[in-house]
Amino acid sequence: MLNPKKLQLTSFDFETYGLDVYNRKIKIFSYCIGYIENGKIKVIVKKYSGEGKKILHDYLMNPNYVKIAHNMKYELSILKTNKIPFHKDTLWHDTMIESQMLFNTRHSHSLDSIAYDFFGFTRNLDKKFKEFMKAGYTVDKIPADFLYKYQVADGIRPLLIHYLLFPDIYKDRNLRECYYNEIENIKFTQQEEQFGIKLHQENCTAMKKVLMKGLAGLKKYYREDLNLNSSKQLRKLFYEDLKIKPINFTAKGEPSTDKNTIMQLTKESKDPMLLGIIKNRSYSAALANIQKWEILQDRFGIIHPNINTNWARTGRRSCTNPNLYNINSKAALLNLFPVPLRRCFEPRAGFVLLPVDQAQIELRLIIDAAQEMEVIAYLLDDPDRDLHHLTVECFSMKKIFNFIGDDIFNEGVKIAKNLKINNPKLYSTMRSAYKNTGFAIGYGAGLEKLAQILNKKPNEIYIGYNNFVKRLPKIASFSKDTTAHIEEHGGIKTAFGRFLHVDPAKAYSGANYLIQGTAAEIHKRGQVRCFKFFEKNKFSKWMHINLDIYDENVFETHKSLLKSSEFPAIKNHLSKLMENLDRIKIPLKCEWQIAENNWNEKKDLAI
DNA sequence: ATCATCACG
DNA sequence: ACGTACGTGATGATG
């Protein structure tokens, strides 16, 4: 029996039916609670009705029961949407997070996969359960004796896994700190998902209309039976019918028809037939996106994505169903037919969206990790300085310089400076073009790849590239240096002391793991600190994060709060929570913007 | 299921 | 032996 007076570890899992958590259509059918008695694992399995309901409620309100779940965000969301109270001081553990933290490159972190690999725990029950689901059964229709066995297994496994993995996390102070932040981040993320983001109905309709018209207008360029979405048919059209000489190839060695290839081809001739293919891809994908969102919205027009807080091997977050992390925003160098889909999202009535992003965070972290002293000094001198200006300087030099401060070097610096003053528009275009250069070189991009990113030919950027490498040699050798480290240690520690394994066959991606992993940790710690600030001051109703993307948090904020006299202080404090972390020595900088009508139309926040 | 493609950072 | 920017999710076509 569970002892209500004694602190003890328990596992906890629901069986539910219905779909779509945040539409409140999920009902709890039954649950299991695992615990340990006299060195043996025991499992309580109950239906969520009558006496079973009361037992669960008592269990949830008792903070002596430490609750171990596998993917606790799901359990949390069920509790909250069903308005079932639980003790605010509950200690939670999540075995999925434990597995992700210790074995970031594992092929799967599902409960059955881990328990099988670590304990040889049978997966037959899971196989059968999946068969029932595939056949359209819901948990209430599954034979009771089978479901009982399945739930017992679900009570045992989290306890086994926690006992095996948690000590390795706990004994390392850094890892422990990261782990506790992950648990807090799940609480934040659950709330973020529940808030969700509102679809702008009128803009969705208007954009669909434009997209359909654009797609219909393309038909005249092609034979009627050509399927523009078929790369096989396009391959035939390009390389057999039009007799174009292949320049790029796919991973499997077939001649490629991707956007990059088409853009290279159109440099010779602006054939509408070629450009139309890019337009078709851009427009049809956008249309499919909007249609999917319209299906997924709840009855208030809100989209609730599923955000995996620690899914990626780098420790980054990821987003599914729908993925709101890859929405087309604005025109860019490599985006010929942009569809500003962020127009389809709006603040709730009475609110505005305040997107806040970490300025140039990846480049800043590379500079810090590579210890590129000239740039560190440049930044410490004034944290607001723009690092991309240095890149523009390098690419403004007429020849490869011999030493820093020689005539060639100084002239480049002067050209960049004058351009910034005299032609801000051209400067801005150039700056955003070269924005990706710094960290692409840091991650190991070569001349060819860089030319592709900049939409130029290798010989056009040869001088600039060489000047960058010569001026910032630590950034240029960062990828190589990190690769050597990976080959020796099998992985890399982030600035927070969290070890990330790296696939030995791709040791050269180590630089990326280090930077993405560190940035992700900064992002997730900032979210937890903001979340706690809102909870403590009880105004998450008026201001909350309802969406985030890698280095950006979107604060949905009530207009009355925005206009209040206390807002500047709140904004200032939140910035500090996101910027100031003991482990990060390089200055970070948050940039606030405001979007009043929709997520796409935004400007700098003047407050 | 796998491939090719493309959006984000 | 060589030299690579990276890691995500969604979609439609294909075998």
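In what follows, chains are A, B, ... by sequence order, proteins preceding strands, each numbered from 1.
The residue N436(A) sits apart from the nucleic acid: no heavy atom pair falls under 4.0 Å. In this structure, A312(A) reaches the sugar-phosphate backbone alone: every heavy-atom distance under 4.0 Å involves primed, P, OP1 or OP2 atoms, never a base. Contacts of N289(A) with the nucleic acid, taken as non-hydrogen atoms under 4.0 Å apart, are absent. The residue R317(A) sits apart from the nucleic acid: no heavy atom pair falls under 4.0 Å. Within the 4.0 angstrom heavy-atom criterion, only backbone atoms of the sugar-phosphate kind lie near G446(A); the bases stay farther away.
Projected onto DNA chain C by closest heavy-atom contact, T314(A) and P322(A) fall at different nucleotides, the more 5' of which corresponds to T314(A).
Atom P of dG9(B) sits at a distance of 27 Å from the matching atom of dT4(C), rounded to the whole Å.
Under the 3.5 Å distance criterion, with hydrogens and angles disregarded, a donor-acceptor pair is assigned to the side chains of N553(A) and Q527(A). For the residue pair E193(A)/N546(A), the side-chain donor-acceptor check at 3.5 Å is not satisfied.
Side-chain contact between R498(A) and K493(A) is absent, with no heavy-atom pair separated by less than 4.5 Å.
Set against dT11(C), dA5(C), dG15(C), the side chain of K292(A) has dT11(C) as its closest nucleotide. Listed nucleotides: dG9(C), dA5(C), dG12(C). Nearest to the side chain of N229(A): dG12(C). Between dT14(C), dG7(C), dT8(C), one nucleotide has an atom nearer to the side chain of S509(A) than all others, and that is dG7(C). Checked against dT14(C), dC6(C), dG12(C), the side chain of Q233(A) finds its nearest nucleotide in dT14(C).
Evaluation of the ring-ring contact (aromatic ring centres under 6.0 Å, His included) test over residues 214-266 of chain A, restricted to residues two or more places apart or in two chains, returns none. Residue pairs meeting the ring-ring contact (aromatic ring centres under 6.0 Å, His included) criterion with at least one member in residues 262-295 of chain A, sequence neighbours excluded: W293(A)-F345(A).
Atoms CD1 (I453(A)) and C1' (dC6(C)) sit 11 Å apart, rounded to a whole Å. Distance, L363(A) CG to dC6(C) C1': 15 Å, rounded to whole Å. In this structure, E448(A) atom CD and dG3(C) atom C1' are separated by 12 Å, rounded to whole Å. Whole-Å rounding puts the N280(A) CG to dG12(C) P distance at 12 Å. If you measure from atom CG of L447(A) to atom P of dA5(C), you get 11 Å, rounded to the nearest angstrom. Atom-to-atom, CG of N227(A) to C1' of dT11(C) comes out at 13 Å; the value is rounded to the nearest Å. Regarding D503(A), its CG atom lies at a distance of 17 Å from the P atom of dA5(C), rounded to whole Å. Atom CG in N321(A) sits roughly 15 Å away from atom C1' in dT8(C) (whole-Å rounding).
Look at Y513(A) and you won't find any side-chain N or O under 4.0 angstrom from OP1 or OP2 of dC6(C). For the pair W311(A) and dG7(C), the criterion of a side-chain N or O lying under 4.0 Å from OP1 or OP2 is not met. Contact check, S230(A) against dT14(C): a side-chain N or O comes under 4.0 Å of OP1 or OP2. K506(A) has a side-chain polar atom (N or O) that falls below the 4.0 Å cut-off from OP1 or OP2 of dG7(C). The shortest distance between the side-chain N/O atoms of S318(A) and the OP1/OP2 oxygens of dG9(C) is below 4.0 Å.
The aromatic rings of W592(A) and F555(A) lie parallel to each other, their planes meeting at an angle below 30°, with 60° marking the opposite boundary.
H304(A) is linked by a ring-ring contact (aromatic ring centres under 6.0 Å, His included) to Y22(A), counting only residues two or more places apart in sequence or in another chain. Partners of F337(A) according to the ring-ring contact (aromatic ring centres under 6.0 Å, His included) rule, which considers only residues two or more places apart in sequence or in another chain, do not exist here.
With respect to the salt-bridge test (charged N to carboxylate O, under 4.0 angstrom), the residues E448(A) and K457(A) do not qualify.
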Nucleotide by nucleotide, nucleotides 3-9 of chain B touches protein heavy atoms under 4.0 Å in the pattern (B base, S sugar-phosphate only, - none) SSSSBBB
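For DNA chain C, each stem of at least three Watson-Crick or G-U pairs (distances under 3.5 Å) is given as range with range: B:1-9 with C:6-14.
Rounded to the nearest 0.5 Å, atoms CD (Q297(A)) and SG (C204(A)) are 7.5 Å apart.
Y434(A) has its ring centre less than 6.0 Å from the ring centre of F395(A).
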